[in-house]
There are 2 protein chains.
Amino acid sequence: MEKEKQGISLKISNLKVTSQRMAVLEALSSLKNHPTVDKIKEYVAKNHPNIAVGTIYKTLETFVDKGLVKKVKTEKDVMRYDPILEKHHHLYCEKSEHIEDFFYDELNNMLEEYFKKKRIPNFKVNDVKLQIIGTFKNKKV
Amino acid sequence: MEKEKQGISLKISNLKVTSQRMAVLEALSSLKNHPTVDKIKEYVAKNHPNIAVGTIYKTLETFVDKGLVKKVKTEKDVMRYDPILEKHHHLYCEKSEHIEDFFYDELNNMLEEYFKKKRIPNFKVNDVKLQIIGTFKNKKV
DNA sequence: ATAATTGCAAAAGCTTTGCATGGCC
DNA sequence: GGCCATGCAAAGCTTTTGCAATTAT
């Protein structure tokens, strides 16, 4: 059961299990497309009409601190959240707000190799993220 | 003379040459580190005490439209501006707001090759940006 | 002349904060 | 019971907008 897993992941992170946190976790896993706070609020409000936006912000910030979600940046200025922790990159649509995940180990390995060989003076590389920008074809995004 | 070039680049873009626009261009080329609007305002204000923030925003937006600068987004939610148009990537410091440019044709070629061979289903790649995240060594950033 | 640009100030997001209340452990 | 999390509302920022006055061409 999904809820159980979510409760466990809160406990592991030393967070109290509250219905709001559970609801935000559920929203994150249901809303596929790197939701904004607004989308999350909308989703959560279905079963939680009284949840405060502040709570959602605080909750998400807590999750980021604990490493349960990551922030995704776009050229626009609204923060979006990504619940997937495996290493992956993002495809950004030039024409819409759509963001899609892109997993490809081969690419990760290639980059890792590259930065292992080619050192950057005075800089220690910890992570490399790709923003792959373009357009989606034949798809309602 | 630098000013002349800047005036010309405005004319080429079909923009009227105003002292405010010249000042913003100068700020962009002097402030190396991908300045925020605030930094730009600060710089411009030295010789232009009366410039309005709104004007700076409008000016920058115009420049972005004309392709004279690009927006750079960080995990924090303040927009920053990059006057360098050549293809390049960014080094992000994990510990500060410092952003540095990273030029490396070899890497660009490698990525270009990669995405030429490895097609992504339903997606046309137009640009690939790297966010290289880590820490600067022996350096006051 | 006239169309574009600017300054000013108000407004519009998005996000954070403080504090009293309420709920987990 | 103690402490952490929540709701609420206000405040803080960054950014946008409308409009009259100004300026470049």
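Below, read A as the first sequence line, B as the second, and so on, with proteins coming before strands; counting in each chain starts at 1.
- What separates CG of A:Asp65 from P of D:dC4 is a distance of 15 Å, to the nearest Å.
- Shown for residues 18-32 of chain A: no residue has heavy atoms falling under 4.0 angstrom of DNA chain C.
- B:Lys124 contributes atom NZ, which lies 9.0 Å from atom CZ of B:Arg119 (distance to the nearest 0.5 angstrom).
- Remark: P of C:dT15 and CG of A:Leu60 are 10 Å apart, rounded to the nearest angstrom.
- In terms of heavy-atom proximity, B:Thr59 sits nearest to B:Thr55 at OG1-O, 2.6 Å.
- Residues meeting the side-chain hydrogen bond (donor to acceptor under 3.5 Å, both in side chains) test with B:Lys70, sequence neighbours left out: none.
- Summarising the geometry, the separation between CG on A:Leu15 and P on D:dA5 is reported as 7 Å, rounded to the nearest angstrom.
- Judged purely by atom type and a 3.5 angstrom limit, A:Ser96 uses its side chain to pair as donor or acceptor with the backbone of A:His98.
- In the hydrophobic cluster analysis, where Ile, Leu, Val, Met, Phe, Trp and Tyr join through side-chain heavy atoms closer than 4.5 angstrom, B:Val53 is grouped together with B:Leu28.
- Within a heavy-atom distance below 4.0 Å of DNA chain C, the residues of residues 45-53 of chain B found are B:Asn50, B:Ile51, B:Ala52.
- If you take NZ of A:Lys66 and P of D:dC4, they are 11 Å apart, rounded to a whole angstrom.
- Pairs of residues two or more places apart, or lying in two chains, that qualify as salt bridge (charged side-chain N to carboxylate O under 4.0 Å, His left out) and include a residue from residues 51-69 of chain A are A:Glu61-A:Lys71.
- With sequence neighbours excluded, the residues that form a ring-ring contact (aromatic ring centres under 6.0 Å, His included) with A:Phe103 are A:His88.
- Note: NZ (A:Lys41) to P (D:dC8) measures 9 Å, nearest angstrom.
- B:Leu130 and B:Met110 fall within a single hydrophobic cluster, where Ile, Leu, Val, Met, Phe, Trp and Tyr side chains are chained together by heavy-atom contacts under 4.5 Å.
- The interatomic distance linking A:Phe63 (CZ) with D:dC4 (C1') rounds to 14 Å, in whole Å.
- Whole-Å rounding puts the A:Arg80 CZ to C:dC14 P distance at 13 Å.
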Pairs under 3.5 Å (N/O, protein and nucleotides 17-21 of chain D):
residue	atom	partner	partner atom	Å
D:dG18	O6	B:Lys58	NZ	3.0

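- By the ring-ring contact (aromatic ring centres under 6.0 Å, His included) test, A:Phe123 pairs with B:Phe136, sequence neighbours left out.
- Candidate nucleotides D:dC3, D:dT25, D:dT15 were compared by shortest atom distance to the side chain of B:Val37, and D:dT15 ranks first.
- Across the helix from C:dA1-D:dT25 to C:dC25-D:dG1, the helix axis at one end is tilted relative to the axis at the other end by 40° (nearest 10 degrees, each axis from five pairs).
- By the side-chain hydrogen bond (donor to acceptor under 3.5 Å, both in side chains) test, A:Asn108 pairs with A:His89, sequence neighbours left out.
- Partner A:Asn33 forms a side-chain contact (heavy atoms from CB on, under 4.5 Å) with one of A:Asp82, A:Asp101, A:Ile99 and no other, that one being A:Ile99.
- For the side chain to side chain contact (heavy atoms under 4.5 Å, CB included) test, residues two or more places apart in sequence or in another chain that qualify with B:Glu106 are A:Tyr114, B:Tyr104.
- Listed by chain and residue number, B:Lys87 satisfy the salt bridge (charged side-chain N to carboxylate O under 4.0 Å, His left out) test with B:Asp127 (two or more places apart in sequence, or in another chain).
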Tell me which donor-acceptor pairs under 3.5 Å the side chains of residues 20-27 of chain B have, and how far apart each pair is, sequence neighbours excluded?
residue	atom	partner	partner atom	Å
B:Arg21	NH1	B:Lys16	O	3.0
B:Glu26	OE2	B:Tyr43	OH	3.2

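- Atom CD1 in A:Ile56 sits about 9 Å away from atom P in D:dG7, given to the nearest Å.
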